[in-house]
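All heavy atoms count here, side chains included; hydrogens, waters and symmetry mates do not. Just so you know, these numbers come straight off a predicted model, no measurement behind them. Letters go in sequence order (proteins before strands), and every chain restarts at 1.
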2 protein chains.
Amino acid sequence: MAVMPPSARSPRRVTIPDVARHAGVGQATAARVLGGYGSASPATRERVLAAAAELGYSTNAVARSMISGRTNTLGVVVADVENAYFARAVRGITDVAVEAGLQVILANSDEDGEKERAAVQLFIERRVDGLVVTPSTARHDHLDRAVATGVPVVLLDRALRGAALDSVVADNRGAARAAVTRLTGHGHTRIATITSAPDTGDPDQPATGGDVWTTTERVTGYQQALRAAGVPRSGELIRHAGYRRCGARAAVLDLMTGPARPTALFTTDNVATLGALDALRDLAARIPGDVSVIGFDDAEWTTLIRPRLSVVSQPAQELGGLAARTLLRRIEGADTPPRRHTLRTTFVARESVGPAPSRVRRLRYEESS
Amino acid sequence: MAVMPPSARSPRRVTIPDVARHAGVGQATAARVLGGYGSASPATRERVLAAAAELGYSTNAVARSMISGRTNTLGVVVADVENAYFARAVRGITDVAVEAGLQVILANSDEDGEKERAAVQLFIERRVDGLVVTPSTARHDHLDRAVATGVPVVLLDRALRGAALDSVVADNRGAARAAVTRLTGHGHTRIATITSAPDTGDPDQPATGGDVWTTTERVTGYQQALRAAGVPRSGELIRHAGYRRCGARAAVLDLMTGPARPTALFTTDNVATLGALDALRDLAARIPGDVSVIGFDDAEWTTLIRPRLSVVSQPAQELGGLAARTLLRRIEGADTPPRRHTLRTTFVARESVGPAPSRVRRLRYEESS
DNA sequence: CTGTTAGCGCTTTCAT
DNA sequence: ATGAAAGCGCTAACAG
């Protein structure tokens with residue numbers, strides 16, 4: 001049973017020749033029944049299986065990969081699994097992969113292009129069968145190289161302008177437009193947006209990266225909605241608060257106590273939403289009495305607060321699942337032209353949106369209690 | 001079968017012989033400089049590197065693993081990455097692993113022992129260097145087998161009675177005791193606990209699995225605190241609400257509108273916390289005026305609600321990091337006896353705990369608005 | 001320092 | 001149906 005060579009670090013594992021010998025058959029025969037290919041008579045089959053069980057044989061997938069050229073592995077690069085959105089996407093990818101008999105190696109880029117490149121490089125060396133990447137920079141030569149090497153790549157959450165790569169993204173612009181249109185529909189004319197999108201200085205031309213940044217797309221949608229509603233736009237109301245929650249909090253604190261106080265808030269990501277609500281809590285602002293709020297991403301806590309938060313909900317898990325399925329198709333050899341899959345988001349109307357207040361109630365900062 | 005025709009999408013990658021030929025050196029020499037071992041004269045070194053760059057050579061990690069017996073891979077099995085607690089733990093593992101030059105393959109068990117076994121089996125076949133597992137059943141023969149095969153295993157979040165395996169867990173019992181003691185200290189005598197721990201019928205002997213179930217440990221801590229404070233215990237106040245949020249909500253709805261209404265709630269996991277707060281929101285219960293609440297796990301939203309929620313905070317990321325470090329040490333050959341590492345939790349006092357109300361205010365269900 | 005030569009464990013001709 | 005033997009791309013002895 002337990003054949004443990006004394007104090008061996010790496011007890012030599014049972015191999016096919018071992019099993020073959022034990023079963024009294026040729027190596028190739030044993031390999032055939034254990035590998036489940038070729039054919040063998042029921043009798044030998046039986047003998048080999050018995051021998052394998054007895055010796056505790058287990059396939060060496062590394063050796064198999066060496067020959068087959070396939071590792072049954074998907075490499076996945078996301079910004080950060082701790083972010084609920086990415087966690088859900090990863091779950092979606094993993095489920096589809098496992099279903100197809102593949103496993104997933106996970107890497108976090110922290111929005112750092114270098115980390116992303118390093119991870120992709122390692123993945124290629126490991127001969128993953130395909131790559132799902134949430135790109136963190138507009139550069140994509142490393143991804144192109146992967147494809148050229150024979151490793152298909154599918155972009156998740158963000159498309160890359162000018163890259164011949166499949167991508168699976170949400171309709172960020174449309175989602176933001178729909179959300180902000182709700183706000184204008186309620187008579188709001190001073191609608192602020194809190195975003196992690198980089199500030200380009202030009203409110204009309206939100207970002208350079210094109211469609212890399214989902215949040216940029218959302219700001220664009222915000223602007224389109226305002227324009228469509230004939231609401232004057234103001235750079236004052238677009239706050240680039242960075243990736244940190246406290247940044248968003250500070251921005252909203254400033255906005256709500258300043259001269260150009262908005263009557264509605266639209267956040268373009270869940271971190272911004274948290275920070276904005278932190279600020280409103282500290283100001284004891286009434287929602288939607290003092291200010292209406294629409295968040296992005298339907299986190300588990302959005303129904304917990306009172307009033308429950310109206311949000312744009314992204315199908316994160318489906319995005320991941322579709323990315324994985326697209327990748328699997330490529331791995332199986334599909335060579336249709338790269339395509340962008342845009343998934344619809346849904347607006348979840350709850351109670352945080354109301355009519356624009358006729359008079360503004362003074363708000364002041366109070367230590368939360 | 002079907003060895004892909006040369007035209008196909010597995011363009012033969014550049015190998016060491018290719019580089020050697022191109023550089024006009026022997027294969028071993030090229031291998032030495034590319035593999036970064038042995039030695040080579042600066043001149044040849046240069047030539048090889050140039051040739052490699054020119055041809056676009058990239059190491060084949062599979063072939064290397066075949067020889068070295070190491071894959072530089074950790075297998076990780078958690079219940080579900082979508083759960084913020086596990087996401088943080090995975091992040092902790094990944095960070096330590098990457099730092100050490102390893103990558104992480106992720107599998108979700110969904111608390112299903114079969115899925116766990118299947119994942120572990122696959123991991124062994126893939127020759128991962130080590131395994132971090134959040135066990136979902138008390139059986140551990142598959143883990144023992146992994147260790148016997150030479151694949152070290154570290155348990156995360158849950159220890160396994162009678163298993164000779166390293167484990168990294170939180171002090172669940174002590175954490176619960178400390179939390180509930182706060183409650184008794186405020187004069188509460190009817191303290192309910194909402195848990196996903198399985199119901200064993202016997203309030204004194206919470207579960208069979210021993211210390212597998214963290215939530216069971218927490219219930220035990222709850223009971224110890226009550227006993228220590230001389231507060232009478234009642235099975236009525238222990239609600240086994242399962243893994244779903246709505247289960248916890250229903251339990252609290254029932255509890256708070258029933259005859260034996262508690263004045264304080266202690267939830268043993270974040271799903272229970274969400275469900276409990278759902279119920280309290282629907283009952284328009286005042287916290288801590290009507291009921292004090294202590295949750296388990298410090299989620300991002302706990303400071304968002306008003307009053308902010310007092311919680312037991314687990315160092316999820318450190319748990320993961322320590323698990324990974326322990327594993328790395330084993331991989332490097334440490335053969336000290338298996339050890340259980342218990343990490344301290346912290347009680348985060350916020351505003352959801354107050355004195356027991358002298359009179360109970362009638363609560364009734366109202367559609368959330 | 002460098003080149004030659006065996007394998008790692010498996011799959012796959014190619015005979016038998 | 002089965003066995004012998006040739007590699008996959010790399011590392012590691014072992015010469016030179």
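B:Thr15 has no side-chain polar atom (N or O) that falls below the 4.0 Å cut-off from OP1 or OP2 of D:dC8. Between B:Tyr37 and D:dA13 there is no side-chain N or O to OP1 or OP2 distance below 4.0 Å. In this structure, B:Ser68 does not reach the D:dT11 phosphate: none of its side-chain N or O atoms is under 4.0 Å from OP1 or OP2. Between B:Arg45 and C:dC1, a side-chain N or O to OP1/OP2 separation shorter than 4.0 Å is absent.
A:Ser65 comes within 4.0 angstrom of no nucleic acid atom, judged by non-hydrogen atoms across all strands. Contact annotation for A:Val62: no contact, since no heavy-atom pair falls under 4.0 Å across all strands. When heavy atoms are screened at a 4.0 angstrom cut-off, A:Ala31 is found touching base atoms of the nucleic acid.
Two residues, B:Ile67 and B:Ala28, neighbour DNA chain C, and the one matched to the more 5' nucleotide by heavy-atom proximity is B:Ala28. Of the two residues contacting DNA chain C, namely B:Ala63 and B:Ser41, the nearest-nucleotide position lying further toward the 5' end is that of B:Ser41.
Here B:Asp112 does not pair with B:Arg117 in a salt bridge; the nearest charged N to carboxylate O distance is not below 4.0 Å. A salt bridge between B:Glu111 and B:Arg158 is present, with a side-chain N of the basic residue lying under 4.0 Å from a carboxylate O of the acidic one.
What separates CD of A:Gln27 from C1' of C:dT12 is a distance of 11 Å, to the nearest Å. A:Asn60 places its CG atom 13 Å from the C1' atom of C:dT11, with the value rounded to the nearest Å. Counting to the nearest Å, the P atom of D:dA5 and the CD1 atom of A:Ile16 are 18 Å from each other. Rounding to whole angstrom units, CZ of residue A:Arg47 and P of D:dA1 are separated by 16 Å. Separating the CZ atom of B:Arg127 from the C1' atom of C:dC10 is a distance of 11 Å, rounded to the nearest angstrom. Per the geometry, CZ belonging to A:Arg70 stands 17 Å off C1' belonging to C:dC10, to the nearest Å. Following rounding to the nearest Å, B:Leu34 (CG) and D:dT11 (C1') show an atom-to-atom distance of 13 Å. The CE-C1' distance, from A:Met66 to C:dT12, rounds to 15 Å in whole Å.
Within 3.5 Å, a donor on the side chain of A:Arg32 pairs with an acceptor on the base of D:dG3, or the reverse.
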For side chain to side chain donor-acceptor pair (under 3.5 Å), just list the numbers for A:Asp18 and A:Thr15, CA-CA rounded to whole Å, side-chain angles, deciding distance to a tenth of an Å, and then say yes or no. CA-CA 5 Å; A:Asp18 296 332; A:Thr15 69; 3.3 Å; yes
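Other residues, nucleotides and ligands place no more than 12 heavy atoms under 6.0 Å from the CZ atom of B:Arg45.
Here the side chains of A:Glu125 and B:Asn60 are not in contact, with every heavy-atom distance at 4.5 Å or above.
Looking at the side chain of A:Tyr57, the nearest of the listed nucleotides D:dT2, C:dC10, C:dT2 is C:dC10.
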